[in-house]
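The structure appears right after this line, and notes come after that.
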2 protein chains.
Amino acid sequence: MESPVNIKKLAQLLNLSIATVSKALRDSHDIGQETKEKVIALAKELNYQPNPHASFLRKHNSKTIAVIIPEIANNYFTLAINGIESVADEKGYHVIIYLSHENVDREVAFSRHLHSGRADGILISVSSTTTDYTHLHDLQKKGLPIVFFDRVCEDFNTVKVTTDDYQSGYLATKHLIDQGCKRIAHLAISTSISIGNNRAKGYLQALQDHGVMTDESFLIECINNTVLDTELIKDLFLHIKPDGIFAAVERYAIICYEICEELGLNIPQDVKIISFSNIQTASLLNPSMSTITQPAFEIGREAATMLLKKLEKKNFELKDETIVIQSKLIPRKSTMM
Amino acid sequence: MESPVNIKKLAQLLNLSIATVSKALRDSHDIGQETKEKVIALAKELNYQPNPHASFLRKHNSKTIAVIIPEIANNYFTLAINGIESVADEKGYHVIIYLSHENVDREVAFSRHLHSGRADGILISVSSTTTDYTHLHDLQKKGLPIVFFDRVCEDFNTVKVTTDDYQSGYLATKHLIDQGCKRIAHLAISTSISIGNNRAKGYLQALQDHGVMTDESFLIECINNTVLDTELIKDLFLHIKPDGIFAAVERYAIICYEICEELGLNIPQDVKIISFSNIQTASLLNPSMSTITQPAFEIGREAATMLLKKLEKKNFELKDETIVIQSKLIPRKSTMM
DNA sequence: TTGAAAGCGCTAACAG
DNA sequence: CTGTTAGCGCTTTCAA
């Protein structure tokens, strides 16, 4: 167990004061060229790493951003993290990940914890059970910048990065109508969160605009519990007998595929399916699945870019705006005529 | 922007000394019961969160563990993170994630950075380009506990958590033989890393034990670049014409599915495919894919459990041992007779 | 049972 | 150009 190499040790070894070493390392203007070089050389040799906790105490930044997401075993969030990480890495920031598991209480607990200075800023995609945002407002009041992505809080005064959920919901539904569907169901995520609500609204509007019959029983609000959701969806198949399904989330579409197999229903002859999804194997499914694919990486990247701009630039403020990055509808066999 | 609530403020408000408040909060034996209660009540009321950076400086622990993995858009690592997070969360630890993108240089840079005290311990699955481990040994010398999972360094003096790669490779190959395959190829990950090497060895041994023909051209070492790997694998199909494929990694199997579609090859009639995989949709692929499914969540959980035991228990040491958690072979249509 | 004071590693204001 | 010094928020002797 080697002794730690800190600024004090460097100073001793070089016969300089601690302050001089500190300034040399930060390339301060008022240190001589040779001194700087000597310091930097020794620092490199000993693999000196400034202690981030100590410098936090002075500068009040930890060079860390917190990412709060509902789950990680999910292609969308995984790609978004890649996007976030790519910009954090460029700017020398570290990424701490918190998983809310779709549970507000956990989200609140994390938020509380973040009052401690562990992170300089927050990227969040709220859980499906979040309806009250005071935990996040408290954080913002404390001066912690927050940027929302994907599942945003629409009336929160900050930058929100999202995709065109309403428009995409509309297009997905329109696509099913164009393919001849008459009984189109929608598997929604909690309509109390932005994306769930917007996707459902797009669905309803498309139906209305094209005179397709519907009633509440065609719109199922799933609960993010595989067992219960499977029951709900099976009920839908048995009682409503839809000929078209628009799933707001990949997992629900997967459940549909499984149920169809179980019930001996043929996709797309008996029922056509389209889903929001970032699954890599959509084209290899049986049958290949039509998707609305979100620019997950770009959304993560954009959200992180905004947050880091706020952290790094003195005069940059997070405006109250929504940045929309378009999704793409990719038709495949699951919605073929 | 509210003023921060720190221990000093609590002390002022309560007319106590900072020291007393500190001790009361840590439930020290030499503080009066009523004093404790008053302190704790106010702390809760004001949502006091101890500053982790300040306490690090004294106690030299940050209640944070670092996880270094090759990539995150991967079902295996995603599940492992869930496992890791589940135990970190129980013990009040935070998880920082570093993505090496299969690049040793990044891994080395992260390791260097971790000399700073940012994390108390490290969980790592090494990149496929890592052959030298001095960056990790340096960390260990400094007193930072390291636990390997999945892609381990076999002769590193610490706990390694992994699955039975050799055995699974053997069984997968045996399964193909049992299904009548005569020309069995293996798509390996870098055989310079443990799991790649062990899976390949199991493959070779199974072939030998059952007298199945082979030569080097049947063992393709992929490079983790989709474009190049696709070329390599397409060459394999065109020139070697295997009738059985054992993929060491999900992504290679996916590429095989795509190539088969392109070349008009029929799975499983023309070629049978089995792969290590944690993909959720394996059973929905066309045809459903036989897999060796690793207990990813449990592996993450076990690795994190060992690391946290080391961090929390005074007398617990990380022994030089390998903990093996069994994988499961799930036969599906892609290897049907 | 409580409080005063030192110090963790670092930065920055100020002196020299 | 370099050094002295105070102090970030907290824990921890040690003294009262």
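Naming: A, B, ... by sequence-line order, numbering from 1 per chain.
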Point to revise | Between D:dC1 (P) and A:K36 (NZ): distance, integer Å | key: 9 Å

Point to revise | Below 4.0 Å: OP1/OP2 of C:dG9 and any side-chain N or O of A:Y48 | key: no

Exercise for review: May I have the distance from B:N61 (atom CG) to C:dC8 (atom C1'), rounded to whole angstrom?
Suggested key: 13 Å

Review point. Quick check: does any side chain N or O of A:E302 sit under 3.5 Å from a backbone N or O of A:I323, one acting as donor and the other as acceptor?
Key: no

Check your understanding: Is B:P50 touching bases, backbone alone, or none of the nucleic acid, heavy atoms closer than 4.0 Å?
Key -> sugar-phosphate

Exercise for review: Could you tell me whether A:H60 contacts a base, only the sugar-phosphate backbone, or nothing, with contacts defined as non-hydrogen atoms closer than 4.0 Å?
Suggested key: sugar-phosphate

Point to revise | Rounded distance in Å - NZ (A:K8) to C1' (C:dT11) | key: 16 Å

Point to revise | Under 3.5 Å: donor-acceptor pair, side chain of B:K319, backbone of B:E317 | key: no

Practice item. Could you tell me if the ring centre of B:H94 sits under 6.0 Å from that of A:Y98? Key: yes

Check your understanding: Which part of the nucleic acid, if any, lies within reach of B:D30 when heavy atoms closer than 4.0 Å are counted: base, sugar-phosphate only, or nothing?
Key -> base

Practice item. May I ask you to decide if B:V126's main-chain N or O and B:R151's side chain share a donor-acceptor pair within less than 3.5 Å? Key: yes

Point to revise | For atom CG of B:N6 and atom C1' of D:dG7, their distance in whole Å | key: 13 Å

Practice item. Figure out the NE2/P separation between A:H53 and D:dT11, and round it to whole Å. Key: 14 Å

Exercise for review: Answer yes or no: side-chain N or O of A:R58 and base N or O of D:dG7 forming a donor-acceptor pair under 3.5 Å.
Suggested key: yes

Review point. Does the side chain of A:N51 get closer than 4.0 angstrom to OP1 or OP2 of C:dC10 through an N or O atom?
Key: no

Review point. Which residues within residues 9-27 of chain B lie with some heavy atom under 4.0 Å of an atom in DNA chain C?
Key: B:L16, B:S17, B:A19, B:T20, B:K23

Study note, to complete from the structure: Separation of C:dA12 atom P from A:K59 atom NZ, nearest Å, is 7 Å

Review point. For atom NZ of B:K309, is the number of surrounding heavy atoms from other residues, nucleotides or ligands below 6.0 Å larger than 12?
Key: no

Study note, to complete from the structure: The ring pair (Phe, Tyr, Trp, His ring centres under 6.0 Å) partners of A:F148 (sequence neighbours excluded) come to A:F156

**Study point:** Interatomic distance where CD1 belongs to B:I7 and P belongs to C:dG3 [whole Å]
**Key:** 13 Å

Point to revise | Residue A:K38 excluded, over 12 heavy atoms near NZ under 6.0 Å | key: no

Review point. Once you round it to whole Å, what is the distance between C1' of C:dC8 and CZ of B:F56?
Key: 9 Å

